[in-house]
Amino acid sequence: MTQPHFLTTPQSRRIAYHQTEGQGPGIVFLGGFRSDMTGTKALFLQDWAAQQGRAFLRFDYSGHGQSSGDFLDGAIGDWLEDALAAITQLTAGPQILVGSSMGGWVSLLVAKEIPQRVAGLVGIAAAPDFTEDSMWEGFSDAQRDDLIQKGQVELPSDYSDDPYIITRRLIDEGRGRLVLRAPLDLPFPVRLLQGTLDTDVPPRVALRLLDHADSPDIRLTLIKGADHRFSSPECLATIAQAVVELLGQRAG
């Protein structure tokens with residue numbers, strides 16, 4: 001596999017990325033919590049963009065994949081800074097953001113910071129505010145005590161034998177990044193994609209975001225039987241179709 005390039009952010013973090021040149025608006029893929037830029041959806045979109053002659057960027061947040069840093073030191077604000085650096089320094093003009101899970105939350109935060117650089121947004125099982133609504137709200141009293149007293153708590157993972165370690169900083173810092181507690185203006189078209197069998201980010205999250213966000217054109221597509229990975233051939237085709245719709249709107 002081709003070796004990544006590296007970008008040093010204003011915070012001196014070293015971010016690994018792969019970029020494909022092409023016409024704009026470009027497509028930027030933002031991955032999920034503890035995932036990296038080598039996943040099925042990222043590589044599918046890169047291949048699709050190349051076939052279309054479309055500019056494409058994928059990258060690893062700090063503490064993820066091949067980027068610098070320790071995952072346990074990171075929080076939503078850090079990964080937002082990484083995304084802002086990648087988009088503002090590596091791309092030109094408006095971009096279509098494709099955010100998967102946590103990347104959906106980061107995409108929404110990017111859109112609040114630099115709306116003029118966003119042509120459209122595709123959320124794949126987008127997980128806004130998950131540190132508060134999924135993690136903190138789901139913790140038992142004992143887990144909350146561990147988090148407060150020890151600075152971290154361990155959660156079982158469906159994707160690894162190793163547990164998720166959730167830090168107090170992740171929870172505390174995330175409270176300053178919540179997007180579902182105040183008006184959320186998205187002045188561009190939005191497509192939300194969601195599997196009905198997603199147990200990590202259930203459909204009610206997508207419905208809440210659909211109801212909460214203010215966009216000139218926001219639509220939610222549910223795929224029956226799809227889980228959080230959202231990587232079946234049908235799901236991948238749905239992602240491509242969502243991007244095509246947003247590109248078509250931009251051209252129009």
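Applying the ring pair (Phe, Tyr, Trp, His ring centres under 6.0 Å) test to pairs two or more places apart or on separate chains, none has a residue in residues 210-232.
The main-chain N or O of S62 is found under 3.5 Å from a side-chain atom of D82 such that the two form a donor-acceptor pair. For the pair D129 (side chain) and V179 (backbone), a donor-acceptor distance under 3.5 Å is present. R117 places a side-chain N or O within donor-acceptor distance of the main-chain N or O of T91, the cut-off being under 3.5 Å. Although no hydrogens or angles enter the test, the distance criterion places a donor-acceptor pair under 3.5 Å between the side chain of Q95 and the main chain of G93. Using modelled atom types, no side-chain atom of H5 and backbone atom of H18 make a donor-acceptor pair closer than 3.5 Å. Y17 places no side-chain N or O within 3.5 Å of a backbone atom of M37 that could act as its donor or acceptor partner. Checking side-chain atoms of E173 against main-chain N and O of G77 turns up a donor-acceptor pair under 3.5 Å. Panel note: side chain S67, backbone A16; a donor-acceptor pair is recorded below 3.5 Å. S215 places a side-chain N or O within donor-acceptor distance of the main-chain N or O of F188, the cut-off being under 3.5 Å.
A distance of 7.5 Å separates OG1 of T167 from CG of L147, quoted to the nearest 0.5 Å. Atoms CG and CD, on L57 and Q46 in that order, are 10.0 Å from each other to the nearest 0.5 Å. I239 contributes atom CD1, which lies 7.5 Å from atom OG of S100 (distance to the nearest 0.5 angstrom).
When all heavy atoms are compared, the tightest approach of A111 to V118 is CA-CG2, 4.0 Å. Summarising the geometry of S107 relative to G99, their closest heavy-atom pair is OG-CA, 3.6 Å, with the distance given to 0.1 Å. Between A127 and M102, the closest heavy-atom pair is CB-N, 4.1 Å. When all heavy atoms of D133 and E137 are compared, the closest pair comes out as O-CB, 3.4 Å. The two residues F56 and A49 come nearest to each other via the heavy atoms CB-CB, 3.7 Å. Of all non-hydrogen atoms in I218 and A213, the two that sit nearest each other are CD1-CB, 4.0 Å.
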*Test log, rule side chain to side chain contact (heavy atoms under 4.5 Å, CB included), inputs L209 and V190*: CA-CA 11 Å; L209 177 56; V190 178; over 6 Å; no
*Step by step, work out the side chain to side chain contact (heavy atoms under 4.5 Å, CB included) result for T40 and R229.*
CA-CA 9 Å; T40 302; R229 291 178 177 87; over 6 Å; no
*Verdict with reasoning, L170 to Q152, per side chain to side chain contact (heavy atoms under 4.5 Å, CB included)*: CA-CA 9 Å; L170 179 71; Q152 65 181 43; over 6 Å; no
*May I have the step-by-step check of side chain to side chain contact (heavy atoms under 4.5 Å, CB included) for E81 and T9, ending in yes or no?*
CA-CA 8 Å; E81 290 171 348; T9 73; over 6 Å; no
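A cation-pi arrangement is present between R175 and W136, with the terminal nitrogen or guanidinium carbon under 6.0 Å from the aromatic centre and inside a 45° cone about the axis.
Paired with F59 under the rule side-chain contact (heavy atoms from CB on, under 4.5 Å), one option of L30, L7, L90 passes, and it is L30.
In the hydrophobic clustering, where aliphatic and aromatic side chains (Ile, Leu, Val, Met, Phe, Trp, Tyr) are joined below 4.5 Å either directly or transitively, V205 groups with V201.
Side-chain contact between R54 and V243 is absent, with no heavy atoms from C-beta onward closer than 4.5 Å. Residues T199 and D227 have side chains not in contact (no heavy-atom distance under 4.5 Å, counting atoms from C-beta outward).
Salt-bridge formation is not detected for the pair E132/R181: no Lys NZ or Arg NE/NH1/NH2 atom is positioned less than 4.0 Å from an Asp or Glu carboxylate oxygen. Between R169 and D78 there is a salt bridge, since a side-chain N of the basic residue sits under 4.0 Å from a carboxylate O of the acidic one. Between D217 and R191, at least one side-chain N (NZ, or NE/NH1/NH2) sits under 4.0 Å from a carboxylate O, which counts as a salt bridge.
The ring-ring contact (aromatic ring centres under 6.0 Å, His included) check on F33 picks up F71, F130, Y164, with sequence neighbours excluded.
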